[in-house]
**Student:** 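Have a look at this one before I ask anything.
Predicted, not measured: the structure shown is a model, and the values here were computed from it. Letters go in sequence order (proteins before strands), and every chain restarts at 1. These values consider heavy atoms only, across backbone and side chains, with no hydrogens, waters or symmetry-generated copies.
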Number of protein chains: 2
Amino acid sequence: MSVTIKDVAKKAGVSPSTVSRVLSNNTRISRETSQRVRDVMEELGYHPNIMAKSLVSRTTESICVILPKPAEELFLNMFFMELIRGIVTQANRSGYDVLISSGGSEQEEIEAVSRLLKGKRVDGAILLYSRKDDQVVEFLKNNQFPFVLVGRSEKFPDILSVDNDNVQAAYDATKHLISLGHQRIGFVSGPPNHIVSRDRMKGYVTALEEAGLEKRKEWIVEGEFLQESGYRAMSFFMNLPERPTALVVVDDLVSLGVLRGLYELGYKVPEDLCIVSFNNLSIAELSTPPVSSMDIGIYNLGYTASQALIQSIQHEGERQFQKRHIIPHRLVIRESSLYSPPKKP
Amino acid sequence: MSVTIKDVAKKAGVSPSTVSRVLSNNTRISRETSQRVRDVMEELGYHPNIMAKSLVSRTTESICVILPKPAEELFLNMFFMELIRGIVTQANRSGYDVLISSGGSEQEEIEAVSRLLKGKRVDGAILLYSRKDDQVVEFLKNNQFPFVLVGRSEKFPDILSVDNDNVQAAYDATKHLISLGHQRIGFVSGPPNHIVSRDRMKGYVTALEEAGLEKRKEWIVEGEFLQESGYRAMSFFMNLPERPTALVVVDDLVSLGVLRGLYELGYKVPEDLCIVSFNNLSIAELSTPPVSSMDIGIYNLGYTASQALIQSIQHEGERQFQKRHIIPHRLVIRESSLYSPPKKP
DNA sequence: AGAAAAAGTGGTTGCGCAAACGTTTTTGTA
DNA sequence: TACAAAAACGTTTGCGCAACCACTTTTTCT
């Protein structure tokens with residue numbers, strides 16, 4: 001069979017508990033003994049059985065990430081990959097493993113989470129979305145499992161979460177266009193039931209009001225986080241008698257649709273229409289022309305989420321930590337917004 | 001503490017082993033007993049402790065995925081996300097969990113894999129790359145751990161792997177351009193030490209030879225899997241006295257650089273230059289103009305890899321399974337290649 | 001010098017489960 | 001009716017480890 005702690009103990013002429021102490025870097029072990037045991041471990045090719053350790057220590061040193069079911073949506077891929085990169089990097093640095101799970105339905109998700117957490121396979125969970133009335137959040141909260149939400153929950157504002165200040169971010173993006181002299185600014189939004197859509201809309205409206213600029217219903221379009229939404233929005237916008245000279249777009253992928261629409265209609269970016277969007281995914285930089293985008297620090301979002309979760313696991317029951325983490329945003333200006341409209345008298 | 005198999009047994013008036021049998025759907029249990037035990041489980045909120053199960057059954061029902069260190073490269077993100085989606089989906093369907101791990105260096109990777117496999121935390125591993133003289137492959141092979149390689153190994157051609165027929169795929173892509181009447185076809189390749197670059201180059205050359213078309217050294221450029229490579233290649237190609245009328249490009253991201261380069265130089269795609277590339281990432285569809293791309297079934301690649309690995313875990317030591325899995329490819333034709341050059345006399 | 005504290009180590013138990021092996025009850029067959 | 005075989009369930013052990021309690025030896029303090 002495989003080498004156990006007993007084999008090492010026997011060979012090194014010490015007791016199993018001493019070997020265990022060496023493993024956990026217990027200070028009450030002399031340098032020599034420690035070294036001798038380590039040598040034997042090396043010699044026998046010993047590797048601690050993580051399962052046995054978990055069973056007795058009641059901690060697994062691993063966390064799980066729950067992917068939302070519509071992992072098919074493209075924009076999400078890049079977003080999530082970046083998030084997961086941050087999560088995995090931080091977790092590994094803290095000595096934690098990361099388990100990826102995805103459910104087909106919300107019910108399946110709960111079953112998976114239940115199996116993993118109640119079955120003591122993981123110590124905590126990261127949720128990558130903020131749906132309305134999320135059952136998984138409710139389940140985790142009711143069972144007092146450590147978890148962190150990337151996004152925010154309206155129902156439970158006090159849970160551990162990592163998010164951006166999307167209102168401020170949208171405000172800043174809109175301000176950028178205003179400072180370039182734009183007076184007619186439109187907004188292409190995402191699904192209205194997503195908190196992020198509403199937050200960004202709010203920031204956009206606030207900036208307009210503050211600058212005393214005109215708000216118009218027809219300059220706001222709601223859609224999905226998909227390219228088509230941006231594409232369709234263009235045939236609408238460009239047929240208006242008084243159309244905007246600049247747009248705030250809720251997501252880079254939507255912007256790509258906007259660009260495509262404008263291209264087919266024969267308009268030029270940024271001369272005919274300036275664009276600022278959100279997330280700063282790779283496609284924002286790679287599109288033609290490159291799109292100005294609000295970088296929301298996706299990697300940082302994941303990194304911080306992982307950090308907060310592990311911290312709350314390790315210091316469970318102790319003092320309370322910061323519940324809500326806000327990741328800073330930063331506007332990356334590119335060609336798509338580098339144009340000032342001609343002044344009107 | 002938490003509810004154990006014993007608690008359930010006591011409450012249901014049966015022995016712990018009966019409960020265990022119910023858990024594993026052992027047929028030697030009467031309907032009534034089974035149902036009674038299940039009811040008690042439900043009542044007490046029992047959930048089997050996965051660690052204890054793993055410890056005694058010597059299987060974890062989970063696999064790990066090793067991310068390569070340069071997870072920073074952008075093109076890879078979408079590629080990997082897609083791969084991981086396939087892996088996780090299939091694994092979950094088979095009742096397996098997926099653990100994501102990434103090492104900073106090759107040595108760190110080996111340590112991580114060693115810890116996970118020797119520590120019995122996972123039953124097998126999936127490697128997402130095919131480096132030359134990969135130490136991780138060697139380690140896994142030497143220790144006889146179940147693993148599957150996405151790609152192929154030149155050193156160990158007999159290991160379990162999932163790959164495309166990249167030679168044939170490149171041949172098909174080139175044939176497509178030839179059938180449109182192109183006679184001067186260039187190739188933008190990736191790093192020459194990557195097996196995939198070499199395979200695709202080979203297919204390209206074969207197609208040219210078969211069609212009796214001219215091959216020229218200066219119509220082939222090698223670079224990285226990065227946008228810049230494509231960008232730089234253009235200033236080179238377009239300054240040639242006799243430049244190609246069509247290009248085969250090794251990856252979609254590189255194609256994006258090609259498009260950018262041509263745009264800045266004032267050339268039109270496909271009129272001045274036709275393009276066919278590989279991988280069919282989302283950016284191929286979303287770019288301006290959309291790029292014809294060889295779909296290599298990335299999701300399928302991951303799905304199959306997971307399937308093959310789990311199969312080999314579950315039937316270890318039994319009959320041999322298919323070692324090498326080839327995922328079919330399919331050319332998706334878009335605007336970038338829809339142009340036939342004017343016939344020369 | 002003697003007591004107390006500290007350092008260094010060992011023996012044993014039990015985490016929660018599956019599997020090996022045993023026992024009892026039921027069913028089928030001659 | 002006998003009696004074997006199958007069905008249904010029970011008892012016990014041990015997976016590999018950490019934690020608890022105990023013990024001895026050394027050091028420090030008064």
Side-chain angles (χ1 to χ4, degrees), chain A residues 1-38 40-41 44-62 95 115-123 314, chain B residues 1-38 40-41 44-62 95 115-123 314:
Chain A
M1 234 21 96
S2 50
V3 186
T4 77
I5 213 171
K6 274 189 186 172
D7 302 323
V8 175
K10 191 177 285 177
K11 183 115 184 179
V14 295
S15 76
S17 20
T18 301
V19 178
S20 176
R21 287 194 183 97
V22 171
L23 239 40
S24 55
N25 287 315
N26 192 307
T27 49
R28 286 273 173 102
I29 292 288
S30 65
R31 281 256 161 270
E32 310 117 56
T33 309
S34 173
Q35 194 50 56
R36 184 153 41 94
V37 171
R38 278 180 213 282
V40 173
M41 283 178 181
L44 297 182
Y46 169 78
H47 272 260
N49 184 311
I50 309 178
M51 294 303 168
K53 176 182 163 148
S54 289
L55 180 60
V56 72
S57 71
R58 296 166 171 288
T59 104
T60 64
E61 300 192 339
S62 51
R115 189 178 58 83
L116 292 173
L117 278 129
K118 292 207 170 175
K120 304 259 165 58
R121 172 160 236 147
V122 298
D123 297 337
Q314 290 177 336
Chain B
M1 232 24 91
S2 52
V3 186
T4 76
I5 213 171
K6 274 188 186 173
D7 302 323
V8 175
K10 189 177 287 177
K11 183 114 183 180
V14 295
S15 78
S17 37
T18 302
V19 179
S20 174
R21 286 193 184 97
V22 171
L23 240 40
S24 55
N25 288 316
N26 191 308
T27 50
R28 286 276 173 99
I29 292 289
S30 66
R31 279 257 162 269
E32 311 120 54
T33 309
S34 175
Q35 194 49 55
R36 184 155 41 95
V37 170
R38 278 179 214 281
V40 173
M41 283 179 180
L44 297 181
Y46 170 77
H47 273 260
N49 185 310
I50 309 179
M51 294 301 168
K53 176 180 162 148
S54 290
L55 180 59
V56 71
S57 70
R58 295 165 175 288
T59 109
T60 65
E61 302 196 338
S62 53
R115 187 178 59 83
L116 292 173
L117 280 131
K118 291 207 169 174
K120 304 258 165 57
R121 172 160 240 149
V122 298
D123 297 339
Q314 290 176 336

**Student:** Please report the distance, rounded to the nearest Å, between NZ in Lys120(A) and P in dG16(C).
**Tutor:**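 So the two atoms are 7 Å apart, to the nearest Å.
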
**Student:** Ser24(B): what forms a side chain to side chain donor-acceptor pair (under 3.5 Å) with it, not counting sequence neighbours?
**Tutor:**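 With neighbours one apart ignored, the set is empty.
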
**Student:** Who pairs with Ser34(A) by side chain to side chain donor-acceptor pair (under 3.5 Å), at least two apart in sequence or on another chain?
**Tutor:**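 By the side chain to side chain donor-acceptor pair (under 3.5 Å) rule, Ser34(A) matches Arg38(A).
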
**Student:** More 5' along DNA chain D: Ala52(B) or Val19(B), using each one's nearest nucleotide?
**Tutor:** Val19(B)

**Student:** Among the nucleotides dA18(D), dG16(D), dG16(C), which one has an atom lying closest to any side-chain atom of Ser20(A)?
**Tutor:** dA18(D)

**Student:** Report which part of the nucleic acid Thr33(B) touches: base, sugar-phosphate, or nothing (heavy-atom distance under 4.0 Å, all strands).
**Tutor:**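 Since only primed, P, OP1 and OP2 atoms lie under 4.0 Å of Thr33(B), the category is sugar-phosphate.
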
**Student:** Does dG16(D) have its OP1 or OP2 closer than 4.0 Å to a side-chain nitrogen or oxygen of Arg58(B)?
**Tutor:** yes

**Student:** Please list residues of residues 4-14 of chain B whose heavy atoms come under 4.0 Å from any atom in DNA chain D, ordered by number; otherwise none.
**Tutor:** Gly13(B), Val14(B)

**Student:** Please list, chain by chain and in numerical order, all residues satisfying side chain to side chain donor-acceptor pair (under 3.5 Å) with Thr33(A), sequence neighbours excluded.
**Tutor:**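 Applying side chain to side chain donor-acceptor pair (under 3.5 Å) to Thr33(A) gives Ser30(A).
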
**Student:** Which residues pass the side chain to side chain donor-acceptor pair (under 3.5 Å) test with Arg115(A), sequence neighbours left out?
**Tutor:**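 For Arg115(A) the side chain to side chain donor-acceptor pair (under 3.5 Å) partners, ignoring immediate neighbours, are Asp97(B).
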
**Student:** Can you check the Arg31(B) CZ to dC9(D) P distance for me, whole Å?
**Tutor:**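 Arg31(B) atom CZ is separated from dC9(D) atom P by 12 Å.
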
**Student:** Starting at atom CG of Leu55(A), determine the distance to atom C1' of dA18(C), rounded to an integer number of angstrom.
**Tutor:** 13 Å

**Student:** Has the side chain of Ser17(B) got a donor or acceptor that lies under 3.5 Å from a partner of the other kind on the base of dT11(D)?
**Tutor:** yes

**Student:** Can you find a donor-acceptor N/O pair under 3.5 angstrom joining the side chain of Arg21(A) to the base of dG10(C)?
**Tutor:** yes

**Student:** Which part of the nucleic acid does Pro16(A) contact within heavy-atom distance under 4.0 Å: base, sugar-phosphate only, or nothing?
**Tutor:**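 Answer is nothing: Pro16(A) stays at 4.0 Å or more from every strand.
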
**Student:** Run the side-chain donor-acceptor check on residues 47-56 of chain B: report pairs under 3.5 Å with partners two or more places apart or on a different chain.
**Tutor:**
unit_1	atom_1	unit_2	atom_2	d
His47(B)	NE2	Ser114(A)	OG	3.3
Asn49(B)	OD1	Met51(B)	N	2.9
Asn49(B)	OD1	Ala52(B)	N	3.0
Ser54(B)	OG	Ile50(B)	O	3.0
Ser54(B)	OG	Thr59(B)	O	3.3

